[in-house]
Structure formats: structure tokens, C-alpha cells
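A short worksheet on the structure shown next.
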Amino acid sequence: MTDPLLAHATDYGRMYARSTTEAFSVPSITTVIGQQAHSLDGWFGYMGANSLANDPELPRLLGSPAGLRQAVNKAAKAAEVYRDDAAQRGDRVHGYCEQVALRALGRPHQVEESRALLASHGEEAFAVRFDEWWELYRVEPLAPEITVWNTSVGYAGTLDLVARINGRVCLIDYKTKGTNRDGTVKALDDKVVMQLVAGMKAEESLVDPVAGEWEPWKYGEDPVLLAVAIGETEVRPQRANPDVLKHHWWKFCALKRVWDMSANVAAAGAALLPVAPPAYPAAPAVAGSTKLA
């Protein structure tokens, strides 16, 4: 997947600049959505316990306190390892999807190389299923990996694909998903609707990142908002319900205000300051007392 040239990792999350020579100034769409509180405590606990239970070295280590501590430390990092592996897999799948769109547009592409990369990780089934979906839906790409900007609310982001399907303009977000025991892809999170509606509400799209050239957003008028779950057994597209879009937009705007306030609080300085003990006057000397020599 092409990393957006204007995106930067910061202490406030991922942020965007208007050009390669300007400082970042607005948060990314996903950074704003990330302000929504969600707990993964149960998942982290399960991943750690599952890793420890399935460690083939566990029986041998049970009699070794040092070895057992090593196994526990390894299990404690299981969730992070799984998350990082899933993110890298998602990047590889997204990269392949982007290359397919570039090829269809007659632009330079690396379809073979990106497919070979998936195959080297045992993930070629994602490409096979994606190709089937692409042909079945007769996807006509218009703009892959397009960066958009909204000045009124203050955010930016990069959409996976703008395409035409069955005569309708679609804003598409890909989600690489695992597979359930019944062979279906795992369910999409409703937060993807916020992501899509924020893309729809963009005001500009990027033309030239070096020159900082932007143009009015031309795909925001009644597009189909499509979340596409890509798995090894199937690809399942789902359309955002038009009747609920305004509510998800309002929620996104509220989360942007949360991000603004959090950034202001962080920039204001330390929230807690040290307190020195009060300075009391010296106690008067007691009559008859003597000083030690």
C-alpha cells in the first residue's frame, strides 16, 4: 500500500500536511475515530492465555522458574505480535488491491510483485478472492489511494479507492479480515461507516503533494459508501445505510472536538505540579536549653 506522502506520525496521532514543505496541521480520519473509547482487555487476556497454553515448550519449562518466566513474558506479548502481524498482512493485501486498480487504469503497476509478496507469506488466497470480486462486480477504478481534505471540520485522510460499479460512483474502504469457523469472513466494525462518511464529506482532493495543489472534491455527491471485507475464503462488500449516515457524521464531528480538546490540553503544559513543604518561622528557643558543642 502506498504510504500517503503528506501523512506524519505525531504525538497526537497521524496528521496531514498540505504539501511536502508544510508542517502537519490536521489529524487523519482514523486518528479522529480512534478517540472513541474501546477496551481490548478481554482480547489481550485471551491472547496471552491462549499463547501460553499452546506453547509447545511449556511442559519442559514447568520445572524451571526461569524458563517459565520466559514463557510468561512471551505470552504477555502475544497480542502485540498478533496485532503487528495483522497490520503487516493488511498492508500487503491493500498493496495488491491498489496495484490491480493501477493496472486497470493503464498506469505503472506492480501487480505481479505484490502478488508474489502475498504468496511468500502464504496469503495468495486473499488475491484470488479479490480478483474474483473485482471481475464479478466489474469494478471501474477512478482514483486509487486518493488523499482528501476537509478544512471546515479540520481533518484529512486517504481513501482506498473511488470506483464506478454498475453506473454508480462508490467510495471504497478495504478491510482485511480473518475467517470464521464456518468459512465466512469475520464481521466488519460499524466504525467503518464513520470512516466512509468522513471521506464523502471531504472538500478537496490532492493533485500534487509537492506543490501543495488541491482541487474541489468531485465525488461527494450521493456516492455509494462501500466497505469491502477481504478474506481468504470470500470477499464481502457491504453498503453503508444511507438512513444513518448523518448520525455517524455527527459522531465523527464530536470525536474531532474531543481530539481538539485533548491536543489543547496536552499543549497547555503539565497538569500536575510539585508542591514544596511550607516554610515555617524558626521555633523560639526554650529557656534553660543548651546547644550541643
Side-chain angles (χ1 to χ4, degrees), residues 1-8 13-18 24 26-34 87 90-105 107 109 114 130 133-134 137 139-165 168-177 188-209 212-230 235 237-242 245 248-249 252-253 255-256:
M1 185 173 78
T2 302
D3 193 39
L5 193 58
L6 302 183
H8 304 263
R14 200 179 206 196
M15 297 184 67
Y16 277 79
R18 293 285 291 180
F24 47 80
V26 298
S28 71
I29 292 172
T30 52
T31 293
V32 172
I33 295 172
D91 285 346
R92 290 189 291 269
V93 173
H94 275 70
Y96 178 76
C97 298
E98 179 187 2
Q99 297 306 314
V100 169
L102 291 174
R103 181 178 64 186
L105 287 167
R107 291 159 57 179
H109 64 85
S114 57
F130 179 80
W133 171 78
W134 187 271
Y137 279 74
V139 181
E140 302 172 40
L142 301 172
E145 292 292 320
I146 183 169
T147 297
V148 297
W149 193 285
N150 181 303
T151 300
S152 300
V153 178
Y155 67 86
T158 300
L159 306 180
D160 289 337
L161 180 66
V162 179
R164 185 174 286 107
I165 300 176
R168 292 291 305 275
V169 170
C170 302
L171 306 188
I172 297 174
D173 187 80
Y174 301 127
K175 298 296 183 188
T176 305
K177 305 297 289 184
L188 290 164
D189 193 306
D190 285 351
K191 290 197 296 292
V192 71
V193 176
M194 268 197 291
Q195 192 171 347
L196 287 164
V197 76
M200 181 184 73
K201 290 287 189 176
E203 297 169 344
E204 298 173 280
S205 61
L206 183 63
V207 176
D208 186 334
E213 182 183 352
W214 299 74
E215 66 180 6
W217 179 228
K218 55 188 176 183
Y219 299 117
E221 288 296 325
D222 194 32
V224 176
L225 304 185
L226 209 59
V228 179
I230 305 172
V235 170
Q238 290 187 281
R239 180 185 182 184
N241 181 357
L245 294 185
H248 288 264
W249 170 242
F252 179 84
C253 292
L255 290 173
K256 173 53 171 53

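Excluded from the calculations below are hydrogen atoms, water molecules and symmetry mates; all remaining heavy atoms, backbone and side chain alike, are included.
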Practice item. Please work out which of the three classes, parallel, tilted or perpendicular, describes the rings of Phe252 and Trp249, given edges at 30° and 60°. Key: parallel
Point to revise | Donor-acceptor pair, side chain of Tyr155 and main chain of Ala198, under 3.5 angstrom | key: yes
Practice item. Identify the two heavy atoms, one from Pro216 and one from Ser205, that lie closest to each other, and give their separation to 0.1 Å. Key: O-OG, 4.4 Å
Practice item. Report yes if the side chains of Leu161 and Val228 come closer than 4.5 Å at any heavy-atom pair, otherwise no. Key: no
Revision key, fill the gap. The reported gap from CD1 in Ile165 to OH in Tyr137 (rounded to nearest 0.5 angstrom) is 8.0 Å
Practice item. Could you grab the distance from atom CG of Leu225 to atom CG of Asn241, nearest 0.5 Å is fine? Key: 10.5 Å
Review point. By ring-ring contact (aromatic ring centres under 6.0 Å, His included), which residues pair with Tyr16, not counting sequence neighbours?
Key: none
Review point. Do other residues, nucleotides or ligands put more than 12 heavy atoms under 6.0 Å from Glu221 CD?
Key: no
**Study point:** Distance, nearest 0.5 Å, that separates CD1 of Ile29 from OG1 of Thr158
**Key:** 8.0 Å
Exercise for review: Show your reasoning for whether side-chain contact (heavy atoms from CB on, under 4.5 Å) applies to Phe130 and Val100.
Suggested key: CA-CA 10 Å; Phe130 179 80; Val100 169; 4.0 Å; yes
Check your understanding: Between the side chain of Trp214 and the main-chain N/O of Arg18, is any donor-acceptor distance below 3.5 Å?
Key -> yes
Point to revise | Considering all heavy atoms, the nearest Val32-Leu255 contact | key: O-CB, 3.7 Å
Point to revise | Donor-acceptor contact below 3.5 Å, side chain Arg168 vs main chain Asp222 | key: yes
Study note, to complete from the structure: Between the CG atom in Leu159 and the CG atom in Asp173, the distance rounded to the nearest 0.5 Å is 8.0 Å
Review point. Which atom pair, heavy atoms only, marks the closest approach of Asp160 to Ile172?
Key: CB-O, 3.4 Å
Practice item. May I ask you to check whether over 12 heavy atoms, not counting those of Lys201, lie within 6.0 Å of atom NZ? Key: no
Point to revise | Distance, nearest 0.5 Å, that separates CG of Asp190 from NE2 of His248 | key: 6.0 Å
Point to revise | Spacing of NZ belonging to Lys191 relative to CD1 belonging to Ile33, to within rounding of 0.5 Å | key: 8.0 Å
Review point. Could you go step by step and tell me if Leu206 and Ile146 meet the side-chain contact (heavy atoms from CB on, under 4.5 Å) rule?
Key: CA-CA 7 Å; Leu206 183 63; Ile146 183 169; 5.9 Å; no
Review point. Met15 and Phe24: which non-hydrogen atoms are nearest, and at how many Å?
Key: SD-CD1, 3.7 Å
Check your understanding: Which pair of non-hydrogen atoms, one from Arg164 and one from Leu142, has the smallest distance, and what is that distance?
Key -> NH1-CD2, 3.7 Å
Practice item. Measure across Pro144 and Ala101 and return the closest heavy-atom pair with its distance rounded to 0.1 Å. Key: CB-CB, 3.9 Å
Review point. Quick check: does any side chain N or O of Thr31 sit under 3.5 Å from a backbone N or O of Arg14, one acting as donor and the other as acceptor?
Key: yes
Review point. With distance as the sole test, does Lys256 use its side chain to make a donor-acceptor pair with the main-chain N or O of Val153 at under 3.5 Å?
Key: yes
Check your understanding: Does Glu213 reach the main-chain N or O of Val207 with its side chain, forming a donor-acceptor pair under 3.5 Å?
Key -> no
Exercise for review: For residues Pro141 and Trp134, determine if any side-chain heavy atom of one lies less than 4.5 Å from a side-chain heavy atom of the other.
Suggested key: yes
